[in-house]
Amino acid sequence: QERIVASGGGLVQPGGSLKLSCEVSGFHLGNFAMGWFRQVPGKEREGVSCISANGDSTYYADSVKGRFTISRDNAKKMVYLQMDSLEPEDTADYFCTRPHFYKVCDRTAHYRSWVDAWGQGTRVTVSS
């Protein structure tokens, strides 16, 4: 059974940092690009970052570029999202995602159509 489990969300003050983790099982992580989406209540989910299957290519949405860093450890079956300089506008539910097997990590990862499998969300709240 395929599983994608995100963790690491929480409450943080503006300017602070959080690191989200995503543990996968039931499929070979090294065969897939992976991504992170987020959703603000009442708004559409948007892709914020992705990383290629071997980790040599990444994409970041303009809203997080320079502040977020995606990484992966295929041997540990883990994907990470380091979030620095957090802003109240980053408050959202964050989802670890796996695309269709033929998808690569590029700017199309900003859209829901890129995603084949969703993990459960982890909530990030940025507030003083």
Side-chain angles (χ1 to χ4, degrees):
Q1 181 180 0
E2 297 179 348
R3 297 186 70 219
I4 302 172
V5 180
S7 62
L11 174 64
V12 62
Q13 292 187 340
S17 297
L18 275 178
K19 186 174 184 177
L20 304 183
S21 298
C22 173
E23 183 176 12
V24 309
S25 60
F27 63 94
H28 185 54
L29 181 61
N31 288 345
F32 294 88
M34 293 291 290
W36 287 94
F37 274 63
R38 68 184 181 186
Q39 184 172 26
V40 176
K43 294 190 176 181
E44 291 291 320
R45 292 183 185 183
E46 63 169 357
V48 297
S49 184
C50 69
I51 186 166
S52 61
N54 63 6
D56 65 352
S57 178
T58 57
Y59 157 80
Y60 296 97
D62 289 343
S63 57
V64 307
K65 197 172 295 182
R67 301 187 298 119
F68 289 13
T69 304
I70 191 170
S71 62
R72 65 192 293 159
D73 186 331
N74 288 343
K76 293 183 178 179
K77 301 182 180 181
M78 297 292 294
V79 182
Y80 306 98
L81 186 67
Q82 176 67 44
M83 305 186 295
D84 299 317
S85 302
L86 282 162
E87 304 167 352
E89 293 73 21
D90 296 316
T91 295
D93 291 322
Y94 284 74
F95 300 86
C96 183
T97 63
R98 189 197 71 196
H100 300 278
F101 72 93
Y102 53 87
K103 295 285 189 178
V104 297
C105 174
D106 59 22
R107 59 181 57 253
T108 63
H110 186 70
Y111 305 100
R112 293 188 64 160
S113 58
W114 187 79
V115 179
D116 180 49
W118 296 87
Q120 95 292 350
T122 185
R123 179 156 293 180
V124 173
T125 303
V126 184
S127 175
S128 55

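Side-chain atoms are counted along with the backbone in the values below, which use heavy atoms only and exclude waters and symmetry mates.
- The structure places OG1 of T97 at 10.0 Å from CZ of R45, a figure rounded to the nearest 0.5 Å.
- Listed here is the closest heavy atom pair of A33 and C105: CB-N, 4.1 Å.
- Salt-bridge check for D93 with R123: passed, with a basic side-chain N closer than 4.0 Å to an acidic carboxylate O.
- With salt bridges taken as basic N to acidic carboxylate O contacts below 4.0 Å, none links E23 and K77.
- One hydrophobic cluster, built from ILVMFWY side chains closer than 4.5 Å, cannot hold both F32 and V115; they sit in different ones.
- Of the inter-residue distances, the one linking K19 atom NZ with D84 atom CG reads 10.5 Å to the nearest 0.5 angstrom.
- Separating the CD atom in Q39 from the CD atom in E46 is a distance of 10.0 Å, to the nearest 0.5 Å.
- Linking Ile, Leu, Val, Met, Phe, Trp and Tyr residues whenever their side-chain heavy atoms come within less than 4.5 Å leaves F95 and Y80 in two separate clusters.
- More than 12 heavy atoms of other shown residues, nucleotides or ligands fall within 6.0 angstrom of atom NZ in K103.
- Side-chain contact between M83 and V12: absent, with no pair of heavy atoms (C-beta onward) separated by less than 4.5 Å.
- Checking side-chain atoms of R72 against main-chain N and O of L29 turns up a donor-acceptor pair under 3.5 Å.
- Side-chain atoms of N74 come within 3.5 Å of backbone N or O of A53 as a donor-acceptor pair.
- In this structure, CG in D90 is found 10.0 Å from CG in L18, a value given to the nearest 0.5 Å.
- To the nearest 0.5 angstrom, C96 atom SG is 9.0 Å from M78 atom CE.
- Hydrophobic clustering of Ile, Leu, Val, Met, Phe, Trp and Tyr side chains at less than 4.5 Å, counting indirect connections, unites M34 with F101.
- With hydrogens and angles disregarded, a donor-acceptor distance shorter than 3.5 Å links the side chain of R67 to the backbone of S85.
- No donor-acceptor pair closer than 3.5 Å links the side chain of T58 to the backbone N or O of C50.
- Side-chain N or O atoms of T91 include one that pairs as donor or acceptor with a backbone N or O of V126 at under 3.5 Å.
- T122 is listed as a side-chain neighbour of Y94, based on a closest heavy-atom distance under 4.5 Å.
- Checking side-chain atoms of S21 against main-chain N and O of S7 turns up no donor-acceptor pair under 3.5 Å.
- Counting only distance, with no hydrogens or angles, the side chain of Y60 and the backbone of I70 share a donor-acceptor pair below 3.5 Å.
- Using modelled atom types, one side-chain atom of Q120 and one backbone atom of A6 make a donor-acceptor pair closer than 3.5 Å.
- Both I4 and V79 belong to a single network of hydrophobic side chains, linked directly or stepwise wherever heavy atoms of I, L, V, M, F, W or Y lie under 4.5 Å apart.
- Aromatic ring pairs are classed by plane angle as parallel below 30°, tilted from 30° to 60° and perpendicular above 60°; the pair F37 and W114 is parallel.
- At a threshold of 4.5 Å between non-hydrogen side-chain atoms, the residues S113 and T108 do not count as touching.
- Between L20 and G9, the shortest heavy-atom distance links the atoms CD2-N, 3.6 Å.
- Note on F27: it clusters hydrophobically with I51, by side-chain heavy-atom contacts below 4.5 Å among ILVMFWY residues.
- Here the shortest heavy-atom pairing between R38 and A92 reads CB-CB, 3.9 Å.
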